[in-house]
Amino acid sequence: FFDKLETMTDEDLLLDLPVVETIKTGIFSNTDVLYMSCNSSYFDMFAKPLLRSLADRGPGTEVHIHLMDSPQDHTEEAHNFCSDLNNVRTALSVERPDFSNASLVSKRAYYHAIRFIRYYHHFKHYQRSLWLMDVDGLFNKSPDTFFSGSQKADICLRARPGRLEPWNQFNACLVGSRPTSHATKYLHRIA
């Protein structure tokens with residue numbers, strides 16, 4: 001299994017996947033970048049308040065938002081929202097998978113899995129520390145705390161050892177990666 005993963009190229013990971021369109025290019029410095037991936041309804045319900053809280057608590061933070069299944073008019077609204085944000089620098093990309101005959105289970109499985117493929121490719125693009133995070137939360141403090149506390153780690157995961165279920169002990173709500181060969185190899189395998 002792992003030998004097969006090793007032989008897969010970055011191009012292999014993209015076979016039969018929707019094209020990713022860059023809507024807004026981020027003019028980023030050389031700092032850590034937050035990475036959020038969600039569909040259009042999650043963007044409206046959760047990412048907007050999260051980004052507003054980030055503007056208040058983490059001025060200057062850089063964020064890449066990847067939208068899945070965002071119609072053209074929604075994508076334009078998201079672009080305008082991101083462009084109007086004060087104190088946060090944003091980049092925006094979108095993909096539009098064909099879910100016309102897909103079940104709700106299939107859609108959810110796609111959303112959960114594709115973010116790691118897109119995260120990997122954006123990680124390689126930015127070549128800096130990138131933090132994949134869920135959008136259904138708010139910032140009460142600056143993200144600089146976890147940025148600075150992870151400078152020596154290749155990969156950072158949120159761990160909650162008091163939970164019984166493995167998926168609650170290590171969940172994907174916050175994953176950070178530094179641009180090292182070990183992190184790149186690990187993220188390639190995950191993708």
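Along the sequence shown, residues carry numbers from 1. It should be emphasised that the depicted structure is a prediction, and the values quoted were computed from it without experimental measurement. These values consider heavy atoms only, across backbone and side chains, with no hydrogens, waters or symmetry-generated copies.
Between Phe81 and Phe43, the ring planes are perpendicular. Angles over 60° get that label, and only those under 30° would be called parallel. Using the six-membered ring where Trp is involved, His64 and Tyr126 have ring planes that are perpendicular, over 60° apart on the 30 and 60° scheme.
Using a 4.5 Å heavy-atom threshold, the side chains of Arg96 and Met68 count as separate. Using a 4.5 Å cut-off on side-chain heavy atoms (C-beta onward), Phe116 and Leu132 make contact. Taking 4.5 Å as the limit, every side-chain heavy atom of Arg189 sits out of range of all side-chain heavy atoms of Met8. Contact annotation: the side chain of His66 approaches that of His122 to within less than 4.5 Å [non-hydrogen atoms, C-beta and beyond]. Within the 4.5 Å cutoff, side-chain heavy atoms of Thr31 are placed close to those of Glu62. In this structure, Leu17 and Ile114 have side chains that are in contact, with non-hydrogen atoms separated by less than 4.5 Å. Looking at heavy atoms from C-beta onward, Leu54 lies in side-chain contact with Leu34 at the 4.5 angstrom threshold. Leu67 is not listed as a side-chain neighbour of Ser93, based on a closest heavy-atom distance of 4.5 Å or more.
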Checklist entry - For Asp69 and Glu95, what are the C-alpha separation, side-chain angles and deciding distance, and is it a side-chain contact (heavy atoms from CB on, under 4.5 Å)? => result CA-CA 6 Å; Asp69 200 21; Glu95 67 181 276; over 6 Å; no
Next on the checklist: Checking Arg52 against Asn87 for the side-chain contact (heavy atoms from CB on, under 4.5 Å) test, could you report, in this order, the C-alpha distance in whole Å, the side-chain angles of both residues, the deciding distance, and whether it holds?
Outcome noted: CA-CA 9 Å; Arg52 287 186 189 111; Asn87 299 328; over 6 Å; no
Next on the checklist: Would Ser83 and Asn80 count as a side-chain hydrogen bond (donor to acceptor under 3.5 Å, both in side chains) here? Give the steps.
Outcome noted: CA-CA 5 Å; Ser83 296; Asn80 293 338; 5.5 Å; no
Checklist entry - Yes or no on side-chain hydrogen bond (donor to acceptor under 3.5 Å, both in side chains) for Thr22 and Thr25, after CA distance, side-chain angles and deciding distance? => result CA-CA 7 Å; Thr22 300; Thr25 302; 5.6 Å; no
Checklist entry - Would Lys185 and Thr180 count as a side-chain contact (heavy atoms from CB on, under 4.5 Å) if you check the C-alpha gap in whole Å, the side-chain angles of each, and the deciding distance to 0.1 Å? => result CA-CA 9 Å; Lys185 184 176 182 177; Thr180 66; over 6 Å; no
Checklist entry - Step by step, would you call Leu130 with Arg128 a side-chain contact (heavy atoms from CB on, under 4.5 Å)? => result CA-CA 6 Å; Leu130 194 64; Arg128 67 184 56 148; 5.9 Å; no
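Here the side chain of Gln169 pairs a donor or acceptor atom with the backbone of Arg163 at under 3.5 angstrom. Of the possible donor and acceptor atoms, none in the side chain of Asp56 sits under 3.5 Å from a partner among the backbone N and O of Ser53. With hydrogens and angles ignored, the 3.5 Å screen pairs a side-chain donor or acceptor of Asn39 with a backbone N or O of Tyr42. A distance-only check finds a donor-acceptor pair linking the side chain of Thr75 to the backbone of Pro71 [under 3.5 Å]. At distances below 3.5 Å, not a single donor-acceptor pair connects side-chain atoms of His74 with backbone N or O atoms of Ser70. Judged purely by atom type and a 3.5 angstrom limit, Arg178 uses its side chain to pair as donor or acceptor with the backbone of Gln151.
Here Asp134 pairs with Arg115 in a salt bridge; the nearest charged N to carboxylate O distance falls below 4.0 Å. A salt bridge links Asp10 to Lys124: one of the charged nitrogens lies within less than 4.0 Å of a carboxylate oxygen. Using a cutoff of 4.0 Å between basic side-chain nitrogens and carboxylate oxygens, Asp44 and Lys48 are scored as salt-bridged.
Taking the six-membered ring for Trp and the full ring otherwise, the centers of Tyr111 and Phe99 sit less than 6.0 Å from each other.
His188 pairs with exactly one of Tyr119, Phe2, Tyr120 by the ring-ring contact (aromatic ring centres under 6.0 Å, His included) rule, that one being Tyr120.
With no hydrogens or angles considered, no side-chain donor-acceptor pair links Thr184 and Ser181 at under 3.5 Å.
No continuous path of hydrophobic side-chain contacts links Phe28 to Phe146 [ILVMFWY only; heavy atoms under 4.5 Å].
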